[in-house]
Trainee: 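The structure is given below, and queries will be raised subsequently.
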Amino acid sequence: MYQAPRGTNDILPEDWPYWRYLRDQIERLASLYGFERIDTPIFEVTELFERGVGEAASVMVEKEMYTFTDKGGVSLTLRPEFTAGVMRAYLEHGMRVRPSPVKLYSIGPIFRQERPQAGRFRQHTQWNLEVLGEMDPAVDFEVMSIAWQLFEDIGFRGLSFQLNSIGCPRCRPAHIQALVEHFSAHREKLSDVDKRRLELNPLRLLDSKEPAAQPLLDRAPRSVDFLCDECREHFATLRSYLDGAGLPYTVNPRLVRGFDYYTKTVFEVWAEGIGAQAAVCGGGRYDGLIELLGGPPTPGIGFGSGIERLILTLKAQGVVPPPLPRPLVQVSYVAQGEAGRAVKQAAVHLARELRRAGIGALLPFGDRSLKAQLKAADRQGVRYVVILGEGELAAGQLTLRDLAEATQQAVARDDLIPWLRRRLDQA
RNA sequence: GUGACCAUAGCUCAAUUGGCAGAGCACCUGGUUGUGGCCCAGGAGGUUAUGGGUUCAAGCCCCAUUGGUCACCCCA
């Protein structure tokens, strides 16, 4: 028996209301804020994803990438993130000559070869958003705002917005050095995992879950205390916008990023009740990235939000998405005896006629008993059953049964569509 | 990648010290001619995840593989 590969999921029909709901809301907000959709390939040349993340991170990251060589000998990788591909497209199509800033969003699958756990899969879907070409902290505010509004509009409660500033290449080195000094002084108290972090990626010590590290973390140097004038000003202005809008957030000095290209603003949104992988949105500013990818110096900021985690949160909070439209009419038939063929024929054509008139209709197959047809209609949530038999056919009439009211009446064949329209419009 | 727990019908779960693989729900059919929900009866549905091993005998014990769940690592 075949099974879906580890960490992949089928989206079954019963889950589609959630997906449709989120996509509709995302698209509505994107156009409200003036974001345009871009779709980039699901795979890119591997090098694109290796550039820029930083030396330490690059080794780690390669282990989690789905990399393969195509028949032309080119190394390709299923995208582990959106940002690199979108930056590539921005450069490749000369988008910097478009009205600035360029505001783009994407929705699609992301691939990372990780061990699955609650809210973490090898293929998952992200809503991704980028603003390119603008340093103004008002952009940071706008990017956070749109995420905020989505969560508000879909009825999320109890979310926690985490905010920090990790500085820029000018001010960060001093912070890192202070961190290294702080933790090196207590090196023997650190776990093996944290000792490795100390060497490879000291910033990551700040969000360590190791119990041994917790006492040291309280007194650890905070990035906000090392910001240069520009970064401090940027952070203060962003906070003034957030405060002015009354958006509640927590300044979290332990909120960091694993990759070198991040600058200034970082933020995450955490949800309760969906396990250890609680971030439903994570983003930040990356003013150095485009340059790393070979483009002109261009500021950028964006976030990614995992749709599967959003759906987990919707379910955990009991949010019920609007149902998908279904046919409310069924064309049933009694296809028995000599006249059966003509009756079936008429039913097949009637179903088509209803659908062409924009009325959703089901047609039972297999010439099953009327009883079975009605039972199926009931199960599928049909409201009106059009019953067609030998008698109706001869009289140019139809029997119309209302399943909710348990009543039925004769309707002239020619009056059927107006009759149904009248009822369906009310419902 | 590491660790713990787990895998029996589409779903939720039973199956005595190792001794003929079951129930509920869902699905299909019927309960006299063309009428749903409730009820009753019947049917279909399984190589017990896969491959080995131990045994007279394995759903049950052992090994491996695959997958699941949760946490760690990592987090773009």
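Here is how names work: the chains are called A, B, and so on, in the same order as the sequence lines, proteins then strands, and each is numbered from 1. These numbers come from the heavy atoms of this one structure, side chains and all, not from hydrogens, waters or symmetry mates.
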Trainee: Closest to the A/Arg115 side chain: B/U35, B/C72, B/G67?
Mentor: B/C72
Trainee: Of the nucleotides B/C72, B/U35, B/U69, which has the atom closest to the A/Ala276 side chain?
Mentor: B/C72
Trainee: Consider the side chain of A/Arg112, meaning its heavy atoms from C-beta on, and name the nucleotide among B/C74, B/C75, B/G37 that approaches it most closely.
Mentor: B/C75
Trainee: Need to verify one output field. Residue with the more 5' nearest nucleotide on RNA chain B, A/Gln113 or A/Thr399?
Mentor: A/Gln113
Trainee: Looking at A/Lys371, I'd like to know whether one of its side-chain N or O atoms comes within less than 4.0 Å of OP1 or OP2 on B/G36.
Mentor: yes
Trainee: In Watson-Crick or G-U wobble terms, both distances under 3.5 Å, what is the partner of B/C61?
Mentor: B/G53
Trainee: Are more than 12 heavy atoms from other residues, nucleotides or ligands located less than 6.0 Å from atom CZ of A/Arg37?
Mentor: yes
Trainee: May I ask you to decide whether A/Asp207 forms a salt bridge with A/Arg204, counting only side-chain N to carboxylate O separations under 4.0 Å?
Mentor: yes
Trainee: With sugar-phosphate meaning primed atoms plus P, OP1 and OP2, does A/Gly391 contact a base, only sugar-phosphate, or nothing at under 4.0 Å between heavy atoms?
Mentor: base
Trainee: Is A/Gly381 touching bases, backbone alone, or none of the nucleic acid, heavy atoms closer than 4.0 Å?
Mentor: nothing
Trainee: In this structure, how many angstroms lie between the P atom of B/A76 and the CD atom of A/Glu114, rounded?
Mentor: 10 Å
Trainee: More than 12 heavy atoms of other residues, nucleotides or ligands under 6.0 Å from CZ of A/Arg120: yes or no?
Mentor: yes
Trainee: Report yes if the distance between the aromatic ring centroids of A/Tyr384 and A/Trp419 is under 6.0 Å, otherwise no.
Mentor: yes
Trainee: Go ahead and name the base partner of B/C25; Watson-Crick or wobble counts if both distances stay under 3.5 Å, otherwise write none.
Mentor: B/G10
Trainee: With rounding to whole Å, what would you report as the distance between B/G45 and B/C25 at their C1' atoms?
Mentor: 14 Å
Trainee: In the structure shown, which nucleotide is the Watson-Crick or G-U wobble counterpart of B/U47, with both distances under 3.5 Å?
Mentor: none
Trainee: What distance, rounded to whole Å, do you find between the two P atoms, one in B/C62 and one in B/A4?
Mentor: 15 Å
Trainee: Is the shortest side-chain N/O distance from A/Arg379 to OP1 or OP2 of B/C27 below 4.0 Å?
Mentor: yes
Trainee: Using the C1' atom in both, what is the distance from B/G59 to B/G22, to the nearest Å?
Mentor: 12 Å
Trainee: Quick one: A/Leu292 CG to B/A76 C1', roughly how many Å, whole number?
Mentor: 14 Å
Trainee: Say we look at B/C74 and B/G18: how far apart would their C1' atoms be, to the nearest angstrom?
Mentor: 45 Å
Trainee: Tell me what A/Phe303 touches on the nucleic acid: a base, only sugar-phosphate, or nothing, going by heavy atoms under 4.0 Å.
Mentor: nothing
Trainee: With both distances under 3.5 Å as the test, what is the Watson-Crick or G-U wobble partner of B/G18?
Mentor: none
Trainee: Any base atoms under 4.0 Å from A/Ala406, or only sugar-phosphate, or nothing? Heavy atoms, all strands.
Mentor: base
Trainee: Determine the Euclidean distance between corresponding C1' atoms of B/G67 and B/A57; express it in Å to zero decimal places.
Mentor: 29 Å
Trainee: Indicate, with a heavy-atom threshold strictly under 4.0 Å, whether A/Ile387 touches base, sugar-phosphate, or nothing.
Mentor: base
Trainee: Within this structure, what is the CG-to-P distance between A/Leu398 and B/U35, rounded to whole angstrom?
Mentor: 18 Å
Trainee: Is it true that A/Arg254 and A/Asp218 make a salt bridge, defined as a side-chain N closer than 4.0 Å to a carboxylate O?
Mentor: yes
Trainee: State which of B/A76, B/C70, B/U29 makes the closest approach to the side chain of A/Phe259.
Mentor: B/A76
Trainee: Using the C1' atoms only, state how far B/A14 lies from B/U54, rounded to an integer number of Å.
Mentor: 27 Å
Trainee: Between A/Arg204 and B/C75, is there a contact of a side-chain N or O with OP1 or OP2 at under 4.0 Å?
Mentor: yes
Trainee: Of the nucleotides B/G36, B/G68, B/C74, which has the atom closest to the A/Arg197 side chain?
Mentor: B/C74
Trainee: How long is the line joining CG of A/Asp378 and C1' of B/U35, in whole Å?
Mentor: 12 Å
Trainee: Return yes if some donor-acceptor pair links the side-chain N/O of A/Glu210 with the main-chain N/O of A/Ala212 below 3.5 Å, else return no.
Mentor: no
Trainee: Considering only the C1' atoms, how many Å lie between B/A64 and B/A26, rounded to the nearest integer?
Mentor: 36 Å
Trainee: Send over the distance from A/Leu370 CG to B/G37 P, rounded to a whole Å.
Mentor: 12 Å
Trainee: Would you kindly give the CD-to-C1' distance between A/Gln277 and B/A76, to the nearest whole Å?
Mentor: 14 Å
Trainee: Nearest to the side chain of A/Lys209, heavy atoms from C-beta on, is which of B/C74, B/U29, B/U35?
Mentor: B/C74
Trainee: Taking any heavy-atom pair under 4.0 Å as a contact, classify A/Ala377: base, sugar-phosphate, or nothing.
Mentor: nothing
Trainee: Separation of A/Glu62 atom CD from B/C75 atom C1', in whole Å?
Mentor: 16 Å
Trainee: Tell me what A/Ser369 touches on the nucleic acid: a base, only sugar-phosphate, or nothing, going by heavy atoms under 4.0 Å.
Mentor: sugar-phosphate
Trainee: Hey, does the side chain of A/Gln117 come within less than 4.0 Å of B/A71's phosphate (OP1/OP2), counting only N and O?
Mentor: yes
Trainee: In whole angstrom, give the distance that lies between atom CG of A/Leu206 and atom P of B/C75.
Mentor: 13 Å
Trainee: Which value, in whole Å, describes the distance between the C1' atoms of nucleotides B/U50 and B/C39?
Mentor: 43 Å
Trainee: Reckon A/Arg368 has a side-chain N or O less than 4.0 Å from the OP1 or OP2 of B/U29?
Mentor: yes
Trainee: Within the 4.5 Å heavy-atom criterion, are A/Arg285 and A/Arg257 side-chain neighbours or not?
Mentor: no
Trainee: Could you tell me whether A/Glu14 contacts a base, only the sugar-phosphate backbone, or nothing, with contacts defined as non-hydrogen atoms closer than 4.0 Å?
Mentor: nothing
Trainee: Considering only side-chain heavy atoms of A/Gln3, which listed nucleotide, B/A76, B/G67, B/C72, is closest?
Mentor: B/G67
Trainee: Below 4.0 angstrom, N of the basic side chain to O of the carboxylate: do A/Asp15 and A/Lys315 qualify?
Mentor: yes
Trainee: May I ask you to evaluate whether A/Lys375 reaches the phosphate of B/U29, defined as a side-chain N or O under 4.0 Å from OP1 or OP2?
Mentor: no
Trainee: I'd like to know if A/Asp194 and A/Arg197 make a salt bridge, using a cut-off of under 4.0 Å between side-chain N and carboxylate O.
Mentor: yes
Trainee: Does A/Gln408 reach a base, just sugar-phosphate, or nothing at all? Heavy atoms under 4.0 Å.
Mentor: base
Trainee: Return the pairing partner of B/C72 with a 3.5 Å limit on both distances, Watson-Crick or G-U wobble; otherwise return none.
Mentor: B/G1
Trainee: Reading RNA chain B from 5' onward, which residue's closest nucleotide shows up sooner: A/Ser208 or A/Thr8?
Mentor: A/Thr8
